[in-house]
Amino acid sequence: MESIGVLLTCPMNPYLEQELDKRFKLFRFWDFPSANDLFREHSNSIRAVVGNSFIGADAQMIEALPKMEIVSSFSVGLDKIDLVRCKEKGIRVTNTPDVLTEDVADLALALILATLRRICESDRYVRSGSWKKGDFKLTTKFTGKSVGIIGLGRIGSAIAKRAEGFSCPISYHSRTEKPGTNYKYYPSVVELASNCQILVVACALTPETRHIINREVINALGPKGVVINIGRGLHVDEPELVSALVEGRLGGAGLDVFENEPNVPEELLAMDNVVLLPHVGSGTVETRKDMADLVLGNLEAHFLNKPLLTPVV
Ligand SMILES: O=CC(=O)O
(Lines give C-alpha, C1' and ligand atoms only; values in the text may rest on other atoms or scores of the structure.)
Protein backbone atom coordinates (compact mmCIF):
# COMPACT_ATOMS: atom_id res chain seq x y z
CA MET A 1 0.00 0.00 0.00
CA GLU A 2 3.07 2.26 0.14
CA SER A 3 2.19 3.82 -3.19
CA ILE A 4 -1.36 4.86 -2.16
CA GLY A 5 -1.56 8.60 -1.52
CA VAL A 6 -3.17 9.60 1.79
CA LEU A 7 -3.70 13.20 2.84
CA LEU A 8 -3.56 14.09 6.54
CA THR A 9 -5.41 17.40 6.97
CA CYS A 10 -3.67 18.67 10.13
CA PRO A 11 -1.38 17.36 12.88
CA MET A 12 -3.59 15.21 15.13
CA ASN A 13 -1.71 12.29 16.66
CA PRO A 14 1.98 11.35 16.40
CA TYR A 15 1.33 7.58 16.41
CA LEU A 16 -1.28 7.90 13.65
CA GLU A 17 1.02 10.09 11.56
CA GLN A 18 3.93 7.69 11.99
CA GLU A 19 1.83 4.65 11.03
CA LEU A 20 0.32 6.42 8.02
CA ASP A 21 3.82 7.36 6.92
CA LYS A 22 4.96 3.74 7.24
CA ARG A 23 2.03 2.18 5.42
CA PHE A 24 1.07 4.76 2.75
CA LYS A 25 2.46 7.64 0.73
CA LEU A 26 1.62 10.38 3.19
CA PHE A 27 0.91 14.00 2.27
CA ARG A 28 0.74 16.49 5.12
CA PHE A 29 -1.60 19.36 4.29
CA TRP A 30 0.43 21.79 6.40
CA ASP A 31 3.64 21.07 4.45
CA PHE A 32 2.23 23.01 1.50
CA PRO A 33 2.16 26.81 1.28
CA SER A 34 -1.53 26.69 0.30
CA ALA A 35 -4.31 24.21 -0.46
CA ASN A 36 -4.03 25.15 -4.12
CA ASP A 37 -0.34 24.20 -4.21
CA LEU A 38 -1.15 20.76 -2.84
CA PHE A 39 -4.10 20.26 -5.16
CA ARG A 40 -2.15 21.44 -8.21
CA GLU A 41 0.76 19.09 -7.59
CA HIS A 42 -0.91 16.00 -6.14
CA SER A 43 -4.63 15.95 -6.90
CA ASN A 44 -4.26 12.78 -8.95
CA SER A 45 -2.27 10.86 -6.33
CA ILE A 46 -4.48 11.27 -3.27
CA ARG A 47 -6.93 8.42 -2.79
CA ALA A 48 -7.73 8.86 0.89
CA VAL A 49 -8.14 11.73 3.34
CA VAL A 50 -7.66 11.52 7.10
CA GLY A 51 -9.33 14.47 8.82
CA ASN A 52 -10.64 15.29 12.26
CA SER A 53 -13.04 17.62 14.06
CA PHE A 54 -10.90 20.60 13.06
CA ILE A 55 -10.29 20.01 9.34
CA GLY A 56 -12.30 17.34 7.51
CA ALA A 57 -13.18 17.12 3.85
CA ASP A 58 -15.30 20.00 2.59
CA ALA A 59 -16.82 20.52 -0.84
CA GLN A 60 -13.74 22.36 -2.13
CA MET A 61 -11.40 19.51 -1.13
CA ILE A 62 -13.71 16.86 -2.54
CA GLU A 63 -13.92 18.69 -5.86
CA ALA A 64 -10.15 19.22 -5.95
CA LEU A 65 -9.27 15.56 -5.34
CA PRO A 66 -10.97 13.55 -8.10
CA LYS A 67 -9.24 10.30 -7.09
CA MET A 68 -10.48 10.43 -3.50
CA GLU A 69 -12.13 7.13 -2.51
CA ILE A 70 -12.42 7.37 1.26
CA VAL A 71 -12.44 9.84 4.15
CA SER A 72 -11.35 8.11 7.35
CA SER A 73 -12.01 10.59 10.14
CA PHE A 74 -10.05 10.66 13.39
CA SER A 75 -13.23 11.77 15.21
CA VAL A 76 -16.71 10.58 15.94
CA GLY A 77 -18.25 13.86 14.76
CA LEU A 78 -18.80 14.18 11.02
CA ASP A 79 -19.72 17.85 10.80
CA LYS A 80 -16.50 18.82 8.96
CA ILE A 81 -17.20 16.34 6.16
CA ASP A 82 -19.55 17.13 3.29
CA LEU A 83 -21.46 13.85 3.59
CA VAL A 84 -23.94 14.69 0.84
CA ARG A 85 -21.18 15.28 -1.68
CA CYS A 86 -19.34 12.13 -0.53
CA LYS A 87 -22.51 10.10 -1.11
CA GLU A 88 -23.01 11.66 -4.54
CA LYS A 89 -19.47 10.84 -5.58
CA GLY A 90 -19.38 7.34 -4.06
CA ILE A 91 -16.68 8.34 -1.55
CA ARG A 92 -16.73 6.13 1.55
CA VAL A 93 -16.67 7.77 5.00
CA THR A 94 -15.67 6.27 8.35
CA ASN A 95 -15.37 7.70 11.87
CA THR A 96 -14.26 6.52 15.33
CA PRO A 97 -17.37 5.72 17.38
CA ASP A 98 -17.50 3.63 20.58
CA VAL A 99 -13.79 3.76 21.44
CA LEU A 100 -14.14 7.33 22.73
CA THR A 101 -17.55 7.09 24.40
CA GLU A 102 -16.28 6.43 27.92
CA ASP A 103 -13.71 9.23 27.87
CA VAL A 104 -16.16 11.82 26.59
CA ALA A 105 -18.77 10.77 29.16
CA ASP A 106 -16.15 10.86 31.92
CA LEU A 107 -15.21 14.36 30.86
CA ALA A 108 -18.84 15.51 30.90
CA LEU A 109 -19.13 14.39 34.53
CA ALA A 110 -15.79 16.03 35.33
CA LEU A 111 -17.11 19.29 33.85
CA ILE A 112 -20.31 19.07 35.88
CA LEU A 113 -18.39 18.47 39.10
CA ALA A 114 -15.75 21.07 38.30
CA THR A 115 -18.40 23.70 37.53
CA LEU A 116 -20.68 23.03 40.51
CA ARG A 117 -17.92 22.42 43.05
CA ARG A 118 -15.70 25.17 41.62
CA ILE A 119 -12.74 22.77 41.41
CA CYS A 120 -10.61 24.98 39.15
CA GLU A 121 -11.37 28.12 41.11
CA SER A 122 -10.53 26.43 44.42
CA ASP A 123 -7.29 25.08 42.93
CA ARG A 124 -6.41 28.66 41.97
CA TYR A 125 -7.33 29.69 45.53
CA VAL A 126 -4.74 27.33 47.03
CA ARG A 127 -2.02 28.15 44.50
CA SER A 128 -2.41 31.91 44.96
CA GLY A 129 -1.99 31.62 48.74
CA SER A 130 -5.55 32.90 49.39
CA TRP A 131 -6.33 29.92 51.64
CA LYS A 132 -4.02 31.41 54.28
CA LYS A 133 -6.42 34.38 54.48
CA GLY A 134 -9.56 32.29 54.96
CA ASP A 135 -11.65 29.33 53.90
CA PHE A 136 -12.98 28.93 50.35
CA LYS A 137 -16.63 29.86 49.80
CA LEU A 138 -19.36 27.20 49.77
CA THR A 139 -20.27 25.67 46.43
CA THR A 140 -23.19 23.69 44.92
CA LYS A 141 -24.03 20.04 45.54
CA PHE A 142 -24.19 17.70 42.52
CA THR A 143 -25.65 14.48 43.93
CA GLY A 144 -29.39 14.40 43.29
CA LYS A 145 -29.54 17.35 40.85
CA SER A 146 -31.72 16.81 37.80
CA VAL A 147 -29.74 16.27 34.62
CA GLY A 148 -31.18 16.91 31.14
CA ILE A 149 -29.34 15.43 28.19
CA ILE A 150 -29.69 16.57 24.59
CA GLY A 151 -28.98 13.51 22.44
CA LEU A 152 -29.32 10.06 23.97
CA GLY A 153 -26.94 8.25 21.63
CA ARG A 154 -23.84 6.35 22.72
CA ILE A 155 -22.24 9.30 24.54
CA GLY A 156 -25.49 10.71 25.96
CA SER A 157 -26.43 7.28 27.34
CA ALA A 158 -22.98 6.86 28.92
CA ILE A 159 -23.38 10.27 30.59
CA ALA A 160 -26.84 9.28 31.85
CA LYS A 161 -25.48 6.05 33.31
CA ARG A 162 -22.78 7.94 35.19
CA ALA A 163 -25.20 10.61 36.45
CA GLU A 164 -27.49 7.84 37.74
CA GLY A 165 -24.57 6.88 39.99
CA PHE A 166 -24.97 10.33 41.57
CA SER A 167 -28.70 9.68 42.17
CA CYS A 168 -29.66 12.29 39.56
CA PRO A 169 -33.09 12.15 37.94
CA ILE A 170 -32.39 11.99 34.19
CA SER A 171 -34.45 13.41 31.35
CA TYR A 172 -33.57 13.91 27.70
CA HIS A 173 -34.44 15.38 24.35
CA SER A 174 -33.74 13.75 21.02
CA ARG A 175 -35.44 13.65 17.62
CA THR A 176 -37.51 10.68 18.71
CA GLU A 177 -38.29 9.00 22.00
CA LYS A 178 -35.94 6.08 22.75
CA PRO A 179 -37.61 2.80 23.55
CA GLY A 180 -36.33 0.88 26.57
CA THR A 181 -35.22 3.71 28.87
CA ASN A 182 -36.83 4.94 32.06
CA TYR A 183 -35.60 8.48 31.48
CA LYS A 184 -38.24 11.13 30.91
CA TYR A 185 -38.47 12.30 27.29
CA TYR A 186 -39.18 15.90 26.32
CA PRO A 187 -40.04 16.56 22.68
CA SER A 188 -38.86 20.17 23.04
CA VAL A 189 -35.48 21.43 24.30
CA VAL A 190 -37.14 24.39 26.05
CA GLU A 191 -39.34 21.99 28.03
CA LEU A 192 -36.29 19.88 28.91
CA ALA A 193 -34.41 23.00 30.05
CA SER A 194 -37.39 24.13 32.17
CA ASN A 195 -37.32 20.80 33.98
CA CYS A 196 -33.64 20.25 34.76
CA GLN A 197 -30.82 21.96 36.61
CA ILE A 198 -27.91 20.76 34.51
CA LEU A 199 -28.32 20.67 30.73
CA VAL A 200 -25.76 18.58 28.82
CA VAL A 201 -25.26 18.82 25.05
CA ALA A 202 -24.31 15.39 23.69
CA CYS A 203 -25.86 15.27 20.23
CA ALA A 204 -24.26 15.39 16.78
CA LEU A 205 -23.91 18.77 15.10
CA THR A 206 -26.32 19.01 12.18
CA PRO A 207 -28.18 21.97 10.64
CA GLU A 208 -31.08 21.10 13.01
CA THR A 209 -28.95 21.12 16.18
CA ARG A 210 -26.93 24.26 15.35
CA HIS A 211 -27.59 26.77 18.17
CA ILE A 212 -29.84 24.27 19.94
CA ILE A 213 -28.81 26.18 23.06
CA ASN A 214 -30.28 29.60 22.34
CA ARG A 215 -31.68 32.49 24.38
CA GLU A 216 -35.03 30.81 24.98
CA VAL A 217 -33.41 27.57 26.19
CA ILE A 218 -30.98 29.46 28.43
CA ASN A 219 -33.79 31.49 29.97
CA ALA A 220 -35.77 28.30 30.55
CA LEU A 221 -32.79 26.78 32.38
CA GLY A 222 -32.58 29.86 34.55
CA PRO A 223 -30.13 31.63 36.88
CA LYS A 224 -29.28 28.49 38.83
CA GLY A 225 -28.95 26.31 35.75
CA VAL A 226 -25.72 25.07 34.25
CA VAL A 227 -24.91 24.28 30.59
CA ILE A 228 -22.37 21.55 29.85
CA ASN A 229 -21.15 21.23 26.26
CA ILE A 230 -19.05 18.27 25.13
CA GLY A 231 -20.55 18.33 21.61
CA ARG A 232 -19.56 21.14 19.27
CA GLY A 233 -19.18 24.87 19.80
CA LEU A 234 -21.86 25.58 17.22
CA HIS A 235 -24.47 23.79 19.33
CA VAL A 236 -24.47 26.91 21.48
CA ASP A 237 -25.30 30.46 20.45
CA GLU A 238 -22.10 31.69 22.09
CA PRO A 239 -22.88 35.45 22.29
CA GLU A 240 -26.22 34.53 23.94
CA LEU A 241 -24.45 32.25 26.42
CA VAL A 242 -21.94 34.96 27.26
CA SER A 243 -24.59 37.63 27.79
CA ALA A 244 -26.70 35.27 29.94
CA LEU A 245 -23.66 34.61 32.14
CA VAL A 246 -22.75 38.31 32.30
CA GLU A 247 -26.33 39.22 33.23
CA GLY A 248 -26.71 36.39 35.75
CA ARG A 249 -29.54 34.75 33.77
CA LEU A 250 -27.52 31.50 33.77
CA GLY A 251 -25.72 29.97 36.75
CA GLY A 252 -22.64 28.57 35.05
CA ALA A 253 -21.18 26.59 32.17
CA GLY A 254 -18.68 23.80 31.61
CA LEU A 255 -17.42 23.93 28.05
CA ASP A 256 -15.05 21.63 26.16
CA VAL A 257 -15.88 23.12 22.77
CA PHE A 258 -16.25 26.60 21.28
CA GLU A 259 -17.60 28.21 18.17
CA ASN A 260 -14.25 29.44 16.86
CA GLU A 261 -11.60 27.14 18.40
CA PRO A 262 -8.99 27.79 19.67
CA ASN A 263 -10.48 31.23 20.30
CA VAL A 264 -12.63 31.60 23.39
CA PRO A 265 -14.79 34.67 24.07
CA GLU A 266 -12.76 37.10 26.19
CA GLU A 267 -15.57 37.60 28.73
CA LEU A 268 -15.53 33.90 29.68
CA LEU A 269 -11.86 34.01 30.64
CA ALA A 270 -12.59 36.23 33.63
CA MET A 271 -15.57 34.23 34.98
CA ASP A 272 -15.23 31.87 37.94
CA ASN A 273 -18.56 30.15 37.29
CA VAL A 274 -17.34 28.67 34.01
CA VAL A 275 -14.87 25.86 33.35
CA LEU A 276 -13.11 26.01 29.99
CA LEU A 277 -11.36 23.05 28.39
CA PRO A 278 -9.42 22.89 25.09
CA HIS A 279 -11.59 20.28 23.25
CA VAL A 280 -10.13 17.25 25.03
CA GLY A 281 -13.17 14.95 25.32
CA SER A 282 -11.37 11.96 23.81
CA GLY A 283 -7.92 13.20 24.73
CA THR A 284 -6.36 10.30 26.61
CA VAL A 285 -3.35 8.29 25.46
CA GLU A 286 -5.38 5.08 25.44
CA THR A 287 -8.36 6.38 23.48
CA ARG A 288 -6.38 8.34 20.91
CA LYS A 289 -4.39 5.14 20.18
CA ASP A 290 -7.65 3.20 19.72
CA MET A 291 -9.00 5.94 17.45
CA ALA A 292 -5.80 5.89 15.38
CA ASP A 293 -6.01 2.11 15.03
CA LEU A 294 -9.60 2.45 13.78
CA VAL A 295 -8.57 5.05 11.20
CA LEU A 296 -5.77 2.76 9.99
CA GLY A 297 -7.99 -0.32 10.08
CA ASN A 298 -10.65 1.39 7.98
CA LEU A 299 -8.11 2.53 5.38
CA GLU A 300 -6.56 -0.91 5.11
CA ALA A 301 -9.96 -2.60 4.89
CA HIS A 302 -10.94 -0.24 2.08
CA PHE A 303 -7.80 -0.76 0.03
CA LEU A 304 -7.95 -4.54 0.55
CA ASN A 305 -11.59 -4.56 -0.58
CA LYS A 306 -12.75 -5.79 2.82
CA PRO A 307 -15.77 -4.52 4.80
CA LEU A 308 -15.10 -1.20 6.56
CA LEU A 309 -14.88 -1.40 10.37
CA THR A 310 -17.01 1.67 11.11
CA PRO A 311 -18.70 2.81 7.91
CA VAL A 312 -20.85 5.94 7.81
CA VAL A 313 -21.24 6.31 4.05
O1 LIG B 1 -14.61 16.10 18.82
C2 LIG B 1 -14.19 15.02 18.70
C3 LIG B 1 -14.77 13.97 17.90
O4 LIG B 1 -15.72 14.24 17.14
O5 LIG B 1 -14.29 12.84 17.99
Side-chain angles (χ1 to χ4, degrees), residues 53-54 77 103-143 145-150 159 163 189-190 193-194 196-203 205 209-283:
S53 60
F54 192 54
D103 272 358
V104 179
D106 290 351
L107 197 84
L109 269 286
L111 273 175
I112 295 174
L113 284 164
T115 306
L116 296 187
R117 299 301 303 270
R118 303 284 180 112
I119 306 276
C120 305
E121 187 187 352
S122 48
D123 176 85
R124 291 192 290 270
Y125 193 78
V126 174
R127 288 171 196 262
S128 67
S130 302
W131 192 13
K132 300 201 180 84
K133 295 178 219 142
D135 286 343
F136 191 66
K137 66 190 172 199
L138 299 183
T139 60
T140 304
K141 180 171 178 156
F142 173 44
T143 291
K145 288 278 184 302
S146 52
V147 173
I149 301 174
I150 303 176
I159 294 169
V189 186
V190 174
S194 309
C196 70
Q197 292 157 301
I198 299 159
L199 185 58
V200 185
V201 183
C203 56
L205 179 65
T209 63
R210 187 177 187 277
H211 288 185
I212 198 162
I213 304 290
N214 53 28
R215 188 180 181 90
E216 200 187 352
V217 170
I218 291 170
N219 287 342
L221 192 57
K224 290 198 168 152
V226 166
V227 168
I228 301 293
N229 190 5
I230 48 83
R232 287 287 184 265
L234 279 169
H235 280 127
V236 174
D237 184 334
E238 216 165 62
E240 281 296 344
L241 179 85
V242 170
S243 59
L245 287 163
V246 169
E247 291 160 22
R249 284 184 286 111
L250 182 67
L255 308 170
D256 185 40
V257 286
F258 301 87
E259 213 168 301
N260 183 25
E261 294 171 9
N263 301 300
V264 173
E266 195 68 30
E267 296 95 322
L268 296 181
L269 303 181
M271 291 179 184
D272 283 325
N273 55 341
V274 301
V275 175
L276 309 170
L277 301 183
H279 199 150
V280 289
S282 64

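Just so you know, these numbers use all the heavy atoms, side chains as well, and skip hydrogens, waters and symmetry mates.
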Is there a donor-acceptor pair closer than 3.5 Å between any side-chain N or O of Asp256 and the backbone N or O of Gly281?
-> yes
Could you give the distance from CD1 (Ile228) to CD1 (Ile149), rounded to the nearest 0.5 Å?
-> 11.5 Å
Within-4.5 Å side-chain heavy-atom neighbours: Ile213 and Val201 = yes
Heavy-atom nearest pair, Leu277 first then Leu111, reads CD1-CD2, 3.6 Å
Heavy-atom neighbours of Phe54 CZ exceed 12 at 6.0 Å = no
Under the side chain to side chain contact (heavy atoms under 4.5 Å, CB included) criterion, do Val147 and Val200 qualify, and how do the steps go?
-> CA-CA 7 Å; Val147 173; Val200 185; 4.0 Å; yes
Report the C-alpha distance between Phe258 and Asn229 in whole Å, list the side-chain angles of each, state the deciding distance to 0.1 Å, and finish with yes or no for side chain to side chain contact (heavy atoms under 4.5 Å, CB included).
-> CA-CA 9 Å; Phe258 301 87; Asn229 190 5; over 6 Å; no
Hey, what do you get for CZ (Arg117) to CG (Leu138), rounding to the nearest 0.5 Å?
-> 9.5 Å
Donor-acceptor pair, side chain of Glu238 and main chain of Glu259, under 3.5 angstrom | yes
Over all atoms of both residues, closest heavy-atom pair of Ser146 and Cys196 = OG-CA, 3.4 Å
Give, for atom CD of Glu240 and atom CZ of Arg215, the distance between the pair rounded to the nearest 0.5 Å.
-> 5.0 Å
Report the residue from Asp106, Val104, Leu255 that forms a side chain to side chain contact (heavy atoms under 4.5 Å, CB included) with Ile230.
-> Val104
Any side-chain heavy atom of Phe136 within less than 4.5 Å of one from Val126?
-> no
Donor-acceptor pair, side chain of Asn214 and main chain of Val217, under 3.5 angstrom = yes
Considering non-hydrogen atoms only, spot the tightest contact between Ala202 and Ile159 and give its length.
-> CB-CD1, 4.0 Å
Where do Val257 and Gly231 come nearest, in terms of heavy atoms and distance?
-> CG1-O, 3.4 Å
State plainly whether the residues Arg210 and Asp237 are in salt-bridge range, i.e. N to O under 4.0 Å.
-> no
4.5 Å side-chain heavy-atom contact, Arg232 and Ser53 = yes
Would you please test Leu116 and Thr139 for side chain to side chain contact (heavy atoms under 4.5 Å, CB included) and show each step?
-> CA-CA 6 Å; Leu116 296 187; Thr139 60; over 6 Å; no
Is the CD atom of Glu216 crowded by more than 12 outside heavy atoms at less than 6.0 Å?
-> no
Find the distance between CZ (Arg249) and CD1 (Ile218) and round it off to the nearest 0.5 Å.
-> 7.0 Å
Around Glu266, counting heavy atoms of other residues, nucleotides and ligands shown, do more than 12 lie under 6.0 Å from its CD?
-> no
Ile112 and Lys145: side chain to side chain contact (heavy atoms under 4.5 Å, CB included), yes or no, with the steps?
-> CA-CA 11 Å; Ile112 295 174; Lys145 288 278 184 302; over 6 Å; no
Atom NE2 of His211 and atom CG of Leu205: how far apart are they, to the nearest 0.5 Å?
-> 9.0 Å
Say you draw a straight line from CD1 of Ile198 to CG of Leu109; how long is it, rounded to the nearest 0.5 Å?
-> 9.5 Å
Least distance between heavy atoms, Asp135 atom then Trp131 atom = OD1-NE1, 3.9 Å
Could you tell me whether Glu121 and Lys137 have a side-chain N and a carboxylate O separated by less than 4.0 Å?
-> yes
Do Glu267 and Leu245 come close enough that some side-chain heavy atom pair is under 4.5 Å?
-> no
Heavy-atom pair with the smallest gap, counting every atom of Asn273 and Gly251 = ND2-O, 3.1 Å
